[in-house]
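Quick caveat: nothing in here was measured; it's all calculated off a predicted structure. Just so you know, ligand 1 is whichever comes first in the structure, and atom 1 is the first atom listed for that ligand.
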Amino acid sequence: MKRIHQILFAFLFIIQIHGQVTNENKARIIILATGGTIAGSGESSTKSAYTAGKIPIDNLLNAVPEMYKYADIKGEQIAQIGSQDMNIETWLKLSNRINQIFENNEADGVVVTHGTDTQEETAYFLSLTINSKKPVVLVGAMRPATAMSQDGNKNLLDAVMVASSPESKEIGVVTAMNEEIFAARDVTKTITTSIATFQSRNFGPIGLIYDGKVSYYYKTLRNPAKKFNIKGLKTLPLVEIVYGYADAKPSAIIAAQKDRAAGIVYAGMGNGNFNATVGKALESASKDGIIICRSSRTGGGRVTLYNEVDDKALGFIVADDLNPQKARILLMLALTETKDKIKIQDMFFNY
Ligand code: SIN
């Protein structure tokens, strides 16, 4: 009898040790759900019509049991919206919650499920406001959860692998979709319907995910250690985007002036260019105290300071290689700290 007890005790001890080892080895991941097509539901598996942001977090988690092999996972619903409805209030809520998770050591990494339409903006906002290098992986889907050959489950599994991979320990905020990993600063949605929609037009993906393995090839240097402090903020300064095109009129600039915008990002032609009428309106807005930031509608390359445009005389700054929607985010955050154009320009060249 004593012998049986000894064997049983040894057996239980081994199981307990094994359990501890596997639990200790597994990363703790919190999945924050915000909606989007990854939580989208359609009437049929073959038609493309669907409503984004319908399926709750628990159902998303239950649909991908494979991910528990890689991590201890908890889920939270932060919002339940299509990302075209993403807003500053939800950005602040999301960023504050992630900062709290890392401050309290509640997790080793965070995955954010998110619509693809504005995912690049949320990713960049988080990369500028989260005070931790721990992985924050944004993920979405181009096909709703109810579609035949939907991409959401695989993307979610991959995102959990990225967040829990030892290789990602200091990676900060990234987007992982379609087996590719992109830096938050550089990723952009490039195609309206393709599952390969995310690209970094200037620099490519920083890593790849395949067969359960996460591999990085390079890391961005444009990820400043000092983050913007958003604690206690309820909103951000108003920054509008004005689009440039042949024979454009100044009405959108005048409207932004009337709305007392603190900044205008001008999505210019080519290297951030404008016609004479728009140039005059931008100059007048700049004299009115509005920060004018020239960016480009081309979708690639940099907007260069003091080239074709005399930025010094006009009082303009440039977005460097940030696209207009990301330039707006940096300008809104910069304006929470300073109105000094030299300091803000410096941020555009370094963040
Ligand atoms: C959205 O951004 O919420 C809709 C589109 C998508 O998720 O792909």
Which salt bridge (Lys or Arg N to Asp or Glu O under 4.0 Å) pairs, counting each pair once, include a residue from residues 193-220, with sequence neighbours left out? none

Distance-only N or O hit between ligand 1 and T118, under 3.5 Å: no

Could you name the option among S83, A39, G140 that has the heavy atom nearest to atom 1 (C) of ligand 1? S83

With a 3.5 Å cut-off and no angle check, do the side chains of S127 and N223 form a donor-acceptor pair? no

Side chain or backbone, does A141 bring an N or O within less than 3.5 Å of an N or O on ligand 1? yes

In terms of the angle between their ring planes, are W91 and F125 parallel, tilted or perpendicular, with boundaries placed at 30° and 60°? parallel

Can you report which non-hydrogen protein atom sits closest to atom 8 (O) of ligand 1, along with the distance? T116 OG1, 2.4 Å

Could you tell me, atom by atom, which parts of ligand 1 come under 4.0 Å of a heavy atom of Q84? 1 (C), 2 (O), 3 (O), 4 (C)

The closest protein heavy-atom partner of atom 7 (O) of ligand 1 is T37 OG1, 2.8 Å

State if G40 counts as touching ligand 1 under the rule of any non-hydrogen atom under 4.0 Å. no

Does any donor atom in the side chain of S165 or Y70 lie under 3.5 Å from an acceptor atom in the other side chain? no

Given L322, which partner from the list D186, L331, L330, I329 fulfils the side-chain contact (heavy atoms from CB on, under 4.5 Å) test? L330

For G82, take its heavy atoms, then give the atoms of ligand 1 lying under 4.0 Å from any of them. 3 (O)

In sequence, state the C-alpha distance, the side-chain angles, and the governing distance for D108 and R28, and then conclude on salt bridge (Lys or Arg N to Asp or Glu O under 4.0 Å). CA-CA 5 Å; D108 304 307; R28 297 162 304 148; 2.9 Å; yes

